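Residue indices begin at 1 and follow the sequence shown. It should be emphasised that the depicted structure is a prediction, and the values quoted were computed from it without experimental measurement.
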Amino acid sequence: QVQLVESGGGLVQAGGSLRLSCAASGSIFRLQTMGWSRQAPGKQRELVAVITSGGAANYADSLEGRFTISIDNAKNTVYLQMNSLKPEDTAVYYCNAAVVPGPPYRPVDFWGQGTQVTVSS
């Protein structure tokens, strides 16, 4: 009953920036964490960043501080600011949320459909 709607992907030149958004909607009793992962062709899906509802964030080491994750609890929305983009950042980016939707109050993981980010060289 929880859905994640992503937006903000597109085509940019190397060195450019994009901001991805992901809004969670539906029956949400408690939002625990939201995050982003990505998957490039021929590669495994990898974690990009995760943030708790309290704002504590963790990032993949390979991102070198270029990406910033943030959360708006009032809107149940997570953002990913991507700066200094490189061609190797090209991937499908997936939004994830760990949600307690209601009784029996067990956390459930939800995933968005993914949004394409393409960085040209």
Side-chain angles (χ1 to χ4, degrees):
Q1 196 173 345
V2 175
Q3 291 187 321
L4 304 178
V5 180
E6 303 168 355
S7 61
L11 173 64
V12 298
Q13 293 182 336
S17 298
L18 283 175
R19 189 178 75 155
L20 306 182
S21 300
C22 175
S25 62
S27 180
I28 301 175
F29 176 75
R30 191 206 318 161
L31 180 62
Q32 294 185 325
T33 66
M34 298 189 77
W36 294 91
S37 299
R38 67 185 184 183
Q39 187 168 23
K43 295 185 177 181
Q44 300 292 321
R45 184 178 297 190
E46 64 176 344
L47 173 70
V48 174
V50 176
I51 189 168
T52 69
S53 62
N58 293 102
Y59 300 90
D61 293 338
S62 61
L63 297 180
E64 303 174 353
R66 295 182 295 114
F67 291 7
T68 302
I69 190 171
S70 60
I71 189 168
D72 185 336
N73 287 291
K75 298 180 179 179
N76 289 328
T77 299
V78 66
Y79 305 92
L80 184 68
Q81 179 67 46
M82 305 185 294
N83 299 323
S84 301
L85 284 164
K86 305 174 181 179
E88 51 263 43
D89 294 319
T90 295
V92 177
Y93 285 70
Y94 296 92
C95 176
N96 163 258
V99 174
V100 178
Y105 307 110
R106 297 171 181 170
V108 179
D109 229 30
F110 294 90
W111 291 85
Q113 71 285 352
T115 184
Q116 177 70 48
V117 172
T118 303
V119 184
S120 62
S121 59

#### Entry: Step-by-step side-chain contact (heavy atoms from CB on, under 4.5 Å) determination, Leu85 to Phe67
CA-CA 9 Å; Leu85 284 164; Phe67 291 7; 4.0 Å; yes

### Message
Set out, in order, the CA-CA distance, both residues' side-chain angles and the distance that settles side-chain contact (heavy atoms from CB on, under 4.5 Å) for Leu80 and Val78, then state yes or no.
### Response
CA-CA 7 Å; Leu80 184 68; Val78 66; over 6 Å; no

If you look only at distance, which donor and acceptor atoms sit under 3.5 Å apart when one is on a side chain in residues 105-112 and the other is two or more places apart or in another chain?
residue: Asp109; atom: OD1; partner: Asn96; partner atom: ND2; Å: 3.2
residue: Asp109; atom: OD2; partner: Asn96; partner atom: ND2; Å: 2.8

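- Between the side chain of Arg66 and the main chain of Ser84, a donor-acceptor pair closer than 3.5 Å is present.
- Evaluation of the disulfide bond (SG atoms under 2.5 Å apart) test over residues 23-88, restricted to residues two or more places apart or in two chains, returns none.
- Nearest heavy atoms, Val99 versus Pro101: O-CD, 3.2 Å.
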N/O donor to acceptor pairs below 3.5 angstrom from side-chain atoms of residues 3-11, sequence neighbours left out:
residue: Glu6; atom: OE1; partner: Gly114; partner atom: N; Å: 3.0
residue: Glu6; atom: OE1; partner: Thr115; partner atom: N; Å: 3.2
residue: Glu6; atom: OE2; partner: Cys95; partner atom: N; Å: 2.4

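- Counting only heavy atoms from C-beta outward, the side chains of Thr90 and Gln116 approach each other to under 4.5 Å.
- Sorted by first and then second residue, the side chain to side chain donor-acceptor pair (under 3.5 Å) pairs involving residues 68-81 (not counting sequence neighbours) are Gln81-Asn83.
- Residue pairs that meet the side chain to side chain donor-acceptor pair (under 3.5 Å) test with at least one member in residues 31-43, sequence neighbours left out, are Arg38-Glu46, Arg38-Asp89, Arg38-Tyr93.
- A pairwise comparison of heavy atoms in Pro87 and Ser121 identifies CG-CB, 3.9 Å as the closest pair.
- By the criterion of side-chain heavy atoms lying less than 4.5 angstrom apart, applied directly or through intervening Ile, Leu, Val, Met, Phe, Trp or Tyr residues, Ile69 is grouped together with Ile71 in one hydrophobic cluster.
- Hydrophobic clustering (side-chain heavy atoms under 4.5 Å, transitive across Ile, Leu, Val, Met, Phe, Trp, Tyr) groups Leu31 together with Val2.
- In the hydrophobic clustering of this structure, Val100 does not group with Met34; members are Ile, Leu, Val, Met, Phe, Trp, Tyr whose side-chain heavy atoms approach within less than 4.5 Å, directly or through other members.
- In the hydrophobic clustering of this structure, Tyr59 groups with Val117; members are Ile, Leu, Val, Met, Phe, Trp, Tyr whose side-chain heavy atoms approach within less than 4.5 Å, directly or through other members.
- Annotation: salt bridge (Lys or Arg N to Asp or Glu O under 4.0 Å) contacts involving residues 90-104, sequence neighbours excluded, are absent.
- Under a hydrophobic-cluster definition in which Ile, Leu, Val, Met, Phe, Trp and Tyr are linked whenever side-chain heavy atoms come within less than 4.5 Å, directly or via other members, Ile51 and Leu18 are assigned to the same cluster.
- The number of heavy atoms from other shown groups lying within 6.0 Å of CZ (Arg30) does not exceed 12.
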